[in-house]
2 protein chains.
Amino acid sequence: MNTYSIGDVAKLMGVTTYTLRYYEKEGLLPNIRKNSAGLRRFSEQDLAWLNILECLKSTGLPLKEIKHYLELSKDGDKTVKERMEIFLTQKKRLERQIQALKDNMEKINFKIKYYEAAIQDGEKNVLSKHRDLEAERKRLFEPKK
Amino acid sequence: MNTYSIGDVAKLMGVTTYTLRYYEKEGLLPNIRKNSAGLRRFSEQDLAWLNILECLKSTGLPLKEIKHYLELSKDGDKTVKERMEIFLTQKKRLERQIQALKDNMEKINFKIKYYEAAIQDGEKNVLSKHRDLEAERKRLFEPKK
DNA sequence: ATAAAACTTAAAGCATACTCTAAGTCAAGG
DNA sequence: CCTTGACTTAGAGTATGCTTTAAGTTTTAT
């Protein structure tokens, strides 16, 4: 089976070697093998774990809780339910995140439309801070429907 | 027009009063009025701005760049294009974020399915760390199609 | 009238997640 | 042989975004 140096893994995962060593130091990368010269050799399973780690991290699970998940994994079958719960919780979190991003997309689209219209108008000082915020104020406090 | 105390605003925005004062100190809340006793009174426009601030922040724009946007706003018409660019950039970022979250949703669903199947099986030690990661390794390195 | 809650300031402290430094080892190319 | 570059360790330093403290003032409810 292929193995990978820390530099290879850094490139593959889009992180720095510092980050990978930091993760190992924090117990987030268990059992990374080292060759006779003491250099780390990452297995494909290690990369698979990094992939899950990245997924959990980028959906907002703190490193501390990722470590907790890892400890559950070590304990085998009896922690299955708790481990599945973690993923179910992340799934819910993810759904909220996607909705929040969509809401933000609407706000950003409102802003872009406002700027486009203002540029079209060519009106002077339409875009002073006051006018700009007044449009937002109305959007929030005087919604049309 | 209604005004709001710092505590009111904190509740409305779901942040602490510490955070609001911190934002003001950092120049992210310009021109907050104070009453004769020196207490902050937030206007609806201030809330409108906080709403935009929250939108930019939660889509990953650092506070430093949010401050920059604010400074552009103060300079009026001549910064319109740059300001619109900021929102267009955030829109692109947001599209990537939504896609990334959807990708993560797939990974999480894979995990959940794996755990469900393993629980059904009732097989002992199916869920040891090794087996668990082996499934991930195959997903990554031996995709079916 | 007075006690509790909410506010004021300036400045220090903290959590998270890296990021870098120092001093040294090791393997490969010219 | 020797330099270059990737690696090793332990530990210090940094960036971001808050969060709290301390000491005092103001507002609000009883």
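All chains are named by letter (A, B, ...) in the order of the sequence lines, taking the proteins before the strands, and each is independently numbered beginning at 1.
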Heavy atoms from C-beta onward define the side chain here; which of [options] lies closest to that of [X]?
| X | options | answer |
| --- | --- | --- |
| A:Y22 | C:dC18, C:dT8, C:dA27 | C:dC18 |
| B:K57 | C:dC7, D:dC18, D:dC7 | D:dC18 |
| B:I6 | C:dC7, D:dT26, D:dG17 | C:dC7 |

What is the separation between atom [atom1] on [X] and atom [atom2] on [N], rounded to the nearest whole Å?
| X | N | atom1 | atom2 | answer |
| --- | --- | --- | --- | --- |
| B:K34 | C:dC7 | NZ | P | 13 Å |
| A:K67 | C:dT16 | NZ | C1' | 15 Å |
| A:R41 | D:dA6 | CZ | C1' | 11 Å |
| B:L61 | D:dG17 | CG | P | 9 Å |
| A:Y18 | D:dT9 | OH | P | 14 Å |
| B:L20 | C:dT9 | CG | C1' | 16 Å |
| B:D8 | D:dT28 | CG | P | 11 Å |
| A:Y4 | D:dA6 | OH | C1' | 19 Å |

Taking the side chain as every heavy atom from C-beta outward, state whether A:L133 and B:I52 have any atom pair closer than 4.5 Å.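 Yes. Closest side-chain heavy atoms under 4.5 Å.
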If you count every heavy atom of other residues, nucleotides or ligands that lies below 6.0 Å from B:K138 atom NZ, does the total exceed 12?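 Counting other residues, nucleotides and ligands, NZ of B:K138 stays at 12 neighbours or fewer.
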For [X], report the nucleic acid contact type (base, sugar-phosphate, nothing); a contact means any heavy atom under 4.0 Å.
| X | answer |
| --- | --- |
| B:S5 | sugar-phosphate |
| B:K25 | base |
| B:R40 | sugar-phosphate |

Assign each of A:P62 and A:S36 to its nearest nucleotide of DNA chain C by heavy atoms, then name whichever residue's nucleotide is nearer the 5' end.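 Looking at DNA chain C, the more 5' nearest nucleotide goes with A:P62.
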First of B:T16 and A:R21 reached from the 5' end of DNA chain D, by closest nucleotide: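 First, find each residue's nearest nucleotide; the 5'-ward one identifies A:R21.
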Carboxylate-amine/guanidinium proximity below 4.0 Å for A:R137 and A:E142: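 Between A:E142 and A:R137 there is a salt bridge, with a charged N closer than 4.0 Å to a carboxylate O.
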Ion pair present between A:R41 and A:D46, side-chain N to carboxylate O less than 4.0 angstrom?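 Judged by the 4.0 Å cut-off on N to carboxylate O distance, A:R41 and A:D46 do not form a salt bridge.
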A:Y69 vs A:W49 aromatic rings, parallel, tilted or perpendicular, using cut-offs 30° and 60°?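 Geometry flag for A:W49 against A:Y69: parallel rings.
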